[in-house]
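These values consider heavy atoms only, across backbone and side chains, with no hydrogens, waters or symmetry-generated copies.
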Amino acid sequence: MEKIDNLDRQILDIIIRNARIPSKDVALVCGVSRAAVHQRIQRMIDVGIITGSGYNVSPKTLGYRTCTYIGVNLVRGAMYRDVVPELEKIPEVVECHYTTGPYTLLLKLYARDNEHLMEILHDKIQMINGVTTTETLISLDHSIQRQIPVEHKG
């Protein structure tokens, strides 16, 4: 893991809360030049401290009203290498974690409604070679979504 200093942490703390904040505003808060902020952010991207970028779109506004977590068990845990590429073909699956505990994989997916969810489960996920069982948990409400906090002195 690349070392980050207090200035990096201060910059991260600011941009995590508002990814669209102009570099000049970050520079003003941090007491450095806009170029310094830009260089720090670019370095953190290059070394993998900052991953991804973009906008978060509400699935509900696109007609996906059901958020679901699905525990998936496989014939053998090592089969996840073969199963994950099949899951990637299902656009409603937005996360897949290879886990310890009661499930081999834990999926997060969005469906338009319960009927659509049943189609995804029966016609897609449960048809993948190696999948033995699934357990479905429907999210009733999404209360917290955040990044891990960035601690800095200052």
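- Cluster annotation: M118 is not connected to L121 through the hydrophobic network of ILVMFWY side chains, with a link wherever side-chain heavy atoms come within less than 4.5 Å.
- Between K124 and E92 the shortest side-chain heavy-atom distance falls below 4.5 Å.
- A donor atom on one side chain and an acceptor atom on the other are not found under 3.5 Å apart for Q10 and N6.
- We find the CG-OG1 distance between L109 and T66 to be 9.5 Å, quoted to the nearest 0.5 Å.
- E86 is listed as a side-chain neighbour of K89, based on a closest heavy-atom distance under 4.5 Å.
- No continuous path of ILVMFWY side-chain contacts below 4.5 Å connects V84 to Y69, so the two sit in separate hydrophobic clusters.
- N18 is not listed as a side-chain neighbour of I14, based on a closest heavy-atom distance of 4.5 Å or more.
- Residue I138 is not grouped with residue V94 when hydrophobic side chains (ILVMFWY) are merged at heavy-atom distances under 4.5 angstrom, including chains of intermediate members.
- Aromatic ring orientation, Y64 versus H116: tilted (interplanar angle from 30° to 60°).
- Note on Y110: it does not cluster hydrophobically with L137, by side-chain heavy-atom contacts below 4.5 Å among ILVMFWY residues.
- For the pair L105/I70, no side-chain contact is recorded, criterion being any heavy-atom separation below 4.5 Å from C-beta on.
- Looking at heavy atoms from C-beta onward, M44 lies in side-chain contact with D8 at the 4.5 angstrom threshold.
- Contact of the L74 side chain with the Y80 side chain is registered, since non-hydrogen atoms from C-beta on lie closer than 4.5 Å.
- To the nearest 0.5 Å, atom CG of residue L28 and atom OG of residue S23 are 12.5 Å apart.
- A donor-acceptor pair under 3.5 Å links the side-chain atoms of D5 to the main chain of L7, judged by distance alone.
- Side chains of N73 and T132: a donor-acceptor N/O pair is absent below 3.5 angstrom, by distance only.
- More than 12 heavy atoms of other shown residues, nucleotides or ligands fall within 6.0 angstrom of atom CD in E95.
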- Message: For a salt bridge (Lys or Arg N to Asp or Glu O under 4.0 Å) check, start with the C-alpha distance between R9 and D13, then their side-chain angles and the critical distance, and finish with the verdict.
- Response: CA-CA 6 Å; R9 289 178 185 279; D13 186 47; over 6 Å; no
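- Across all their heavy atoms, T104 and G77 have their closest contact at CG2-CA, 3.8 Å.
- M127 and I90 fall into different hydrophobic clusters, where Ile, Leu, Val, Met, Phe, Trp and Tyr are joined by side-chain heavy atoms under 4.5 Å apart, directly or via other members.
- Contact record, V150 with L12: CG2-CB, 3.9 Å, taken as the closest heavy-atom pair.
- Across T61 and V57, no two heavy atoms sit closer than the pair OG1-CG1, 4.2 Å.
- Other residues, nucleotides and ligands contribute more than 12 heavy atoms inside 6.0 Å of the CG atom of D123.
- For the residue pair A78 and Y98, the shortest heavy atom distance occurs at N-OH, 4.4 Å.
- Atom OH of Y103 and atom OG1 of T133 lie 8.5 Å apart (nearest 0.5 Å).
- Taken to the nearest 0.5 Å, the CE atom of M79 stands 5.0 Å off from the CG atom of N129.
- Between I128 and D82 there is no side-chain heavy-atom pair separated by less than 4.5 Å.
- Shown here for L107 and C96, the closest heavy-atom pair between the two residues is CD2-SG, 3.6 Å.
- Using a 4.5 Å cut-off on side-chain heavy atoms (C-beta onward), K108 and V93 make no contact.
- Between the CZ atom of R40 and the CD1 atom of I11 there is a distance of 6.0 Å, given to the nearest 0.5 Å.
- Atom CD of residue E135 and atom CG of residue L106 lie 10.0 Å apart, to the nearest 0.5 angstrom.
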